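Computed from a predicted model, the values in this text were never measured in an experiment.
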Amino acid sequence: LFPEKTSDGSLPQDERAGDQHDWMFYTDSDHAGNTEIQNKRRSQNGMVSLHGGTPIHWMSKASSVTFATPLIGEAHADVSSGGVETYATGNATYEILDISYLAEEAGMKFPFPFLLQMDNTTAEAFCNETVKRSKLKHIDCRQEWVKLIRDKSIMVPIHVDTKLNLADLFTKILDSTTFVTLRDKMMVPCSLPKRGD
């Protein structure tokens with residue numbers, strides 16, 4: 001069903017789009033990397049979907065644990081990096097399934113199972129059920145969701161090198177070289193036609 005993987009478990013870059021009808025999906029998270037006071041150390045989740053090499057949907061949002069006690073009165077930053085990665089993966093699958101419904105309405109082919117590219121080994125382990133349960137319900141519930149869509153042949157987790165993970169643009173402040181490199185993998189200059197052409 002899929003091309004042979006490389007030694008690191010990922011698909012060859014030039015084959016990821018072909019068998020998937022030119023769709024590509026990336027997800028990433030940054031655990032407590034934003035030190036700004038108003039962020040309160042919340043983690044940042046990001047994802048991007050491309051069709052034909054063009055970004056068609058992207059998301060970036062701060063995440064927090066929502067089961068705060070009445071004494072605290074607000075959600076707080078998640079202290080588990082594994083939880084953050086699993087949340088990012090779960091959130092990305094929700095967004096991608098939404099895109100699949102739109103594609104269906106538009107009469108477009110959508111790849112099932114879709115390949116969700118990620119650079120975090122913890123998230124991959126949760127997706128592939130190669131870790132023990134965490135003792136944290138909010139993580140286990142999201143893990144079960146990701147496993148469900150994997151087992152139903154809806155999603156396949158694929159490892160991508162951090163330097164090639166386009167979702168990095170949506171999770172952290174990057175140095176200018178990395179930013180430009182990732183930006184240029186999604187966006188290219190386009191000349192508008194002159195009047196009368």
Side-chain angles (χ1 to χ4, degrees), residues 1-6 8-31 43-63 82 84-129 142-172 174 178-179 181-188:
L1 180 61
F2 297 107
E4 290 294 320
K5 295 180 179 180
T6 60
D8 66 352
S10 64
L11 290 175
Q13 186 69 33
D14 59 346
E15 296 196 23
R16 287 180 183 155
D19 286 355
Q20 293 293 301
H21 309 293
D22 214 18
W23 292 86
M24 301 184 83
F25 307 99
Y26 297 85
T27 183
D28 189 43
S29 72
D30 181 44
H31 181 232
S43 298
Q44 197 74 22
N45 297 336
M47 64 84 61
V48 60
S49 303
L50 296 89
H51 185 264
T54 303
I56 59 168
H57 178 74
W58 54 91
M59 176 193 70
S60 179
K61 64 181 292 186
S63 66
V84 169
E85 297 292 346
T86 305
Y87 257 74
T89 303
N91 289 341
T93 60
Y94 294 145
E95 298 290 328
I96 295 168
L97 284 175
D98 282 347
I99 294 169
S100 76
Y101 306 144
L102 294 173
E104 181 182 1
E105 288 293 322
M108 299 172 65
K109 288 184 178 180
F110 191 86
F112 283 117
F114 61 81
L115 308 181
L116 182 55
Q117 300 183 64
M118 58 191 76
D119 59 19
N120 186 274
T121 54
T122 302
E124 291 177 61
F126 272 104
C127 291
N128 290 316
E129 199 179 9
R142 195 58 56 96
Q143 177 187 0
E144 289 299 326
W145 160 251
V146 173
K147 283 165 44 185
L148 173 67
I149 65 170
R150 178 205 65 197
D151 293 344
K152 297 292 184 179
S153 296
I154 294 173
M155 181 273 288
V156 175
I158 297 293
H159 181 81
V160 63
D161 189 277
T162 299
K163 295 178 181 178
L164 299 175
N165 190 349
L166 302 184
D168 244 20
L169 284 166
F170 305 98
T171 59
K172 58 184 71 73
L174 302 170
T178 303
F179 175 83
T181 299
L182 293 177
R183 180 202 66 190
D184 290 350
K185 290 183 180 298
M186 293 191 294
M187 303 178 71
V188 296

Atom [atom1] of [X] and atom [atom2] of [Y]: how far apart are they, to the nearest 0.5 Å?
{"X": "H57", "Y": "L102", "atom1": "NE2", "atom2": "CG", "answer": "9.0 Å"}
{"X": "L97", "Y": "E95", "atom1": "CG", "atom2": "CD", "answer": "10.0 Å"}
{"X": "Y94", "Y": "I99", "atom1": "OH", "atom2": "CD1", "answer": "15.5 Å"}
{"X": "L115", "Y": "M24", "atom1": "CG", "atom2": "CE", "answer": "8.5 Å"}

Measure across [X] and [Y] and return the closest heavy-atom pair with its distance rounded to 0.1 Å.
{"X": "M47", "Y": "A92", "answer": "CB-CB, 4.0 Å"}
{"X": "S49", "Y": "I96", "answer": "OG-CG1, 4.1 Å"}
{"X": "M186", "Y": "L169", "answer": "CE-CD1, 3.2 Å"}
{"X": "D28", "Y": "A88", "answer": "O-CB, 3.8 Å"}
{"X": "D119", "Y": "D168", "answer": "OD2-OD1, 4.2 Å"}
{"X": "P113", "Y": "M155", "answer": "CB-N, 3.7 Å"}

### Task
Assess whether atom NZ of K61 is packed by more than 12 heavy atoms of other residues, nucleotides or ligands within 6.0 Å.
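Atom NZ in K61 is not packed in, count stays at 12 or less.
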### Query
Counting only heavy atoms not in M108, do more than 12 fall under 6.0 Å of its CE?
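Counting other residues, nucleotides and ligands, CE of M108 exceeds 12 neighbours.
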#### Entry: Residues in side chain to side chain donor-acceptor pair (under 3.5 Å) contact with E104, at least two apart in sequence or another chain
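In terms of side chain to side chain donor-acceptor pair (under 3.5 Å), with neighbours along the sequence ignored, E104 is linked to no residue.
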### Task
Could you list the residues that satisfy side chain to side chain donor-acceptor pair (under 3.5 Å) with T178, not counting sequence neighbours?
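Side chain to side chain donor-acceptor pair (under 3.5 Å) check on T178 returns D175.
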### Task
Classify the angle between the aromatic ring planes of F110 and F25 as parallel (below 30°), tilted (30 to 60°) or perpendicular (above 60°).
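Rings of F110 and F25: tilted, 30 to 60°.
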### Message
I'd like to know if the side chain of W23 and the backbone of K109 have a donor-acceptor N/O pair within less than 3.5 Å.
### Response
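It does hold such a pair.
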### Task
Please determine which of I154, I158, T89 meets the side chain to side chain contact (heavy atoms under 4.5 Å, CB included) test together with L116.
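Considering I154, I158, T89, a side chain to side chain contact (heavy atoms under 4.5 Å, CB included) with L116 is found only for T89.
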### Query
Partners of K185 by salt bridge (Lys or Arg N to Asp or Glu O under 4.0 Å), sequence neighbours excluded?
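Partners of K185 by the salt bridge (Lys or Arg N to Asp or Glu O under 4.0 Å) criterion come out as none, since no residue qualifies.
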### Message
Counting C-beta onward and ignoring hydrogens, is there a side-chain heavy-atom pair between L166 and W58 closer than 4.5 Å?
### Response
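Side chain of L166 against side chain of W58, heavy atoms only: no contact under 4.5 Å found.
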### Message
Any heavy-atom pair between the side chains of S100 and F112 that's under 4.5 Å?
### Response
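The answer is yes; the side chains approach within 4.5 Å.
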